[in-house]
Amino acid sequence: MLLGFPLLSLAIWIPILAGVLVLATGPDRNAPAARLIALAGSVLGFVVTLPLYARFDPLASGFQFEELAPWIESFNVNYHLGIDGVSLLLILLNSFTTVLVVLAGWEVIRTRIAQYLAAFLFLSGFMNGVFSALDALLFYVFFEATLIPMFIIIGVWGGPNRVYAAVKFFLYTLMGSLLLLVALIYLYNVSDGSFSLLDYYQLPLPLTAQILIFIAFFMSFAVKVPMWPLHTWLPDAHVEAPTGGSVVLAAIMLKLGAYGFIRLSLPIVPDASHALAGVVIALSLIAVVYIGLVALVQADMKKLIAYSSISHMGFVTLGIFIFNAHGMEGAVIQMISHGFISGALFLCVGVLYDRVHSRMIADYGGVVNTMPVFAALFMLFAMANSGLPGTSGFVGEFMVIVGAVKVNFWYAAAAATTLVFGAAYTLWMYKRVIFGAVANRHVAALSDLGAREFLVLGLLALAVLVMGVWPNPFAEVLHASVNDLLNHVTQSKLP
Amino acid sequence: MQLLYLVIPLAPLAGAIIAGLFGWAIGRRGAHRVTIVGMVISTLASAVVFLDVLDGATDNVSVYTWLASGNTRFEVGFLIDRLSALMMLVVSFVSLMVHVYTIGYMADDPGYQRFFSYISLFTFFMLVLVASNNFLQLFFGWEGVGLMSYLLIGFWYTRPTAIYAQLKAFLANRVGDFGFLVGIAVILMYFGTLDYVAVFANARSLAGNTIEVLPGATWSLMTVICILLFMGAMGKSAQFPLHVWLPDSMEGPTPISALIHAATMVTAGIFMVARMSPLYELSETALSVVMVIGAITGLFMALVAIVQNDIKRVVAYSTLSQLGYMTVALGASAYAAGIFHLVTHAFFKALLFLGAGSVIIALHHEQDMRRMGGLRKHMPITYWTTLIGAVASVGIPGFAGFFSKDAIIEAVHLSRLPGAGIAYFALASTVFVTALYTFRLLFMTFHGAERFHGPGKGAHGEHGHAPHESPAVVTVPLVLLAIPSILAGYGIGPVLFGGYFGDSIVVAPGHDVLAQMGRDFHGVIAMMEHAVATLPFWFALAGIATAWYLYLRRPDLPDAIKERAGLLYTVLERKYGFDEAYQWLFGDGAVRFGTGLWKGGDVAVIDGVFVDGSARAVAWFAAVIRFLQSGFIYHYAFAMIIGILVLLTMIFVT
């Protein structure tokens, strides 16, 4: 701990506090103040997470930076925080992304600015809470709390069909979460009144109970990832969400599901995880192939990127459920990389949308003629999305594929089809939007990136390249944690 | 010396970054200067390394750990040996020539700085590819050159045909890379490392392993690995049936066609297989597959070249055919011959492309040979250098192509692997076809009547001056490439039979056709004398004679033949229908299939039945509840009485 500061609490509460302050600025005439406070809060929130990386001991197993305080003593609920390498990377990604979305919404949002920015800050704090909670109820509270700001973001600042999308998003995810709560209450009972995840890790459970718990967890997490066939809320949510909402949704919120598998499913019910791994792998591969083909035919850029997200998240769940180090580390790396790339792609669409007010591929063509700098950055992200080596997009996919081939040759072969599908849908879209002669007067009137847009996309471009050329600093912090996790998975917990 | 290895790829990278990001600041001259300085440094460093390697030095160095995971460390590093040093020298030299040539060719282009940045960046990736000491970095370079090929084919991004061609090229390559990546994954699984040296050292001990690819179908591990890797080579080196992208890649500017789509990138697949010779030698099945694929490409692509009228497309199909030769050499275990042909081909094919480009600029971007002719008088340097390229390509004794091509034909003749008979027949016939289309190009362009007057893009009649020779930045590279197009062949003795490649290429004793040939090799003069008595030589002469007769003596005949051989001509002109079939099957097919999944799966079933269906179920349930919740006291009272009665009944009955 740095100078005795509870860093994890800071990472959670600084954004939330900043959010409260932003709200306090009130009406839109105070927007400049709201923006500044939001930026300061998000930057500070990111800065306090940096010592987490610097002081993280990559060789130690177990959880670090633990904080423990009683919360609801009568139910033995504790404010128990702690992180391993997986949480660490996700917290860093989340806090980094928050800075970007605050910047991205700077001038674009014109109504209820303070509320908009506050929603993102709250969301950021809640998600850091999910990633660091070691108490099941605390985890659940944060997990559910994230729904509210996102529901509001889509429902208030969204597109014309925002109410349908927001309700669909809310009900879909809530349905799963309720089963999660039931499973946690069951675990509370069988563990003699403990909500500690660490206690659950040691808890013997019969196979039937494990399978039921797994299914309850799965309903909650698979919706979030989202896994086929529980994915149809995502394209709608993305299409209606404002740019910042899409960025956070794709970059961070989807990871809550995958994180749930890693933090809860695998170590708490390892035998059920093994028993049902085949199903999860099959669904993951369907996501890669089926969704890849569906992405190909989308006419709406945001929908296309949403489907691309589902397809890429298929690699994450595949990597988790093949139970080896390459796959697991690949899955986490893929999560981080996907956070950069999908965030960047949604920002790119946002840049176009802000100017032309259309997300339709057919409304563009020849954008490179008027926005060359934008086209170059968009090209980088498109290639990263196609998994080009040297960008972050390759690293996770490569590791999951080399992990999968150890389990079954055909898993790897099916996953590797993304080399073709991913390139096909991404570059075909890119071709139709960016290349060609100037298609219409809207495209002719486009102005290239402004300084703020360039800063946001430039930072992401840097992240994508650094992670692609030198992923080791990201993987380094994972080894001990993944090792722990694989140990949990290999030890049967049948009584 | 190790610092020098780093300088070789990083100098072009630095040039590319400066020209790319700061091209607006340093201007056109700044952009070509900085990239050319980078290339000169790289070429000189490659030459130093090459000389060092000739003295017997080899080096395997790691630069940094890219990633460590599980028990595997993925390193970035260089393996400098006879093979990689030769490749580095060829790549950097040809690239330097192309950089210089580009100053002239792209002089009027608004994307000047961007172009220099791209070709330097391409050179960086290509050098990383050839100098790599492991499979992962090989794949990095491999995809990197693919990216640059994509960007350069679509360099003129407002042209619909160019942006179609670039996408097609990238996706066709990705199909091959799919196999390549799975192959790398299989290697990692069995060998536990991706380092060349470690993999090759253990290859023999793992050769007995088998993989059950399908239930009941068990294949040897090496066959699986080698065929998967070869899929990558089929994409990058445009072998049948993944060849479709290369002719379309001619949409890119001509310097690119010379550098990427003739001399360097497309030979990456050939280089890769030669590099993996310790693996390929352990699978005769894979070698046969390689040989047959190469033979098909060699013959059938050459035939297409005869009917093309676009000067660049003729050269493109010629490249496909020559790549087929190299592939056959690999399949016959004559790796050294394949690499040797790669080197000579790099010179004479780059020369042919740049010569074609010189003609194209002289005629103001006219590419149709039917509107050329008689340019010999106007462009003497271009004519003579192109002629050298042509005879080298046809394989006339004394020129570079002769030695390398003759060695391949001889090697495949001696090979006893299944498929060698067909391959020999195909390659020998291809000699005739090669001579025919090459001299057709030469005669239609430089000899005969001047057809560039009159309307059309080349319309020289209109502005009243004859086409003139290109500037020195164009002709000097032509001359500099013409020299090795003659001389490079004389290295055949040491390279093929003198053990030049040493340990960098491994050949199983039973496959060693080159050793057999080496016993009968008595110097280049004897080889040339001997060639006069063999079939390929006479085939080549016959091809040239046919071309002369058809295109100079009786220029009316080709059209008559076209009329007569209608079906055959159509088949060739439509390139056997691959483009249409692929577009229908994979392009439109994927769209149809994707639409079906989307509309049928996502929209109709998942959303329609389950999501909205459950919403409807809830709505129905709510309607029932709403009906009950009527708000009238007597309804509730009535319901309560019924409820009490039911409860009482239950209590008393039980």
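Given the structure is predicted, the values throughout are model-derived calculations rather than measurements. Throughout, a chain's letter reflects where its sequence line sits, starting with A, and its residues are numbered from 1.
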[X] portion near chain A, given a 4.5 angstrom heavy-atom threshold:
X	value
B:Phe139	both
B:Phe170	side chain
B:Tyr190	neither
B:Ile163	both
B:Leu21	neither
B:Leu147	side chain
B:Ile184	side chain
B:Leu228	side chain

Contacting region of [X] [heavy-atom separation from chain B under 4.5 Å]:
X	answer
A:Leu427	both
A:Tyr430	side chain
A:Trp428	both
A:Met379	side chain
A:Val395	both
A:Phe421	neither

Side-chain heavy atoms of [X] within contact of [Y], under 4.5 Å:
X	Y	answer
B:Arg159	A:Phe435	no
A:Met399	B:Leu67	yes
A:Pro389	B:Gln137	no
A:Phe394	B:Leu181	yes
A:Tyr307	B:Trp598	yes

Inset, instruction - Heavy atoms only, distances under 4.5 angstrom: which of A:Leu296, A:Asn324, A:Val420, A:Thr232 has the most pairs with chain B? Name it, please. - result: A:Thr232
Inset, instruction - Please determine, among A:Lys406, A:Gln298, A:Lys168, A:His231, the option with the most heavy-atom pairs under 4.5 Å with chain B. - result: A:Gln298
Inset, instruction - Report yes or no: does B:Arg174 contribute a side-chain atom to a donor-acceptor pair with the main-chain N or O of A:Thr418 at less than 3.5 Å? - result: no
Legend entry - Side-chain donor or acceptor of B:Tyr157 paired with backbone N/O of A:Val368 under 3.5 Å: no
Inset, instruction - Would you give the length of the straight line joining atom CG of B:Asp602 to atom CD1 of A:Ile291, rounded to the nearest 0.5 angstrom? - result: 5.5 Å
Legend entry - Criterion side chain to side chain contact (heavy atoms under 4.5 Å, CB included) on A:Val402 and B:Met189, from CA distance to verdict: CA-CA 7 Å; A:Val402 299; B:Met189 174 187 171; over 6 Å; no
Inset, instruction - Please say whether more than 12 non-hydrogen atoms of neighbouring residues, nucleotides or ligands are located less than 6.0 Å from CZ in B:Phe191. - result: yes
Inset, instruction - Applying side-chain hydrogen bond (donor to acceptor under 3.5 Å, both in side chains) between B:Ser69 and each of A:His326, A:His479, A:Glu476, report the one that passes. - result: A:His326
Legend entry - Residues from residues 464-474 of chain A approaching chain B under 4.5 Å (heavy atoms): A:Gly468, A:Val469, A:Trp470, A:Pro471, A:Asn472
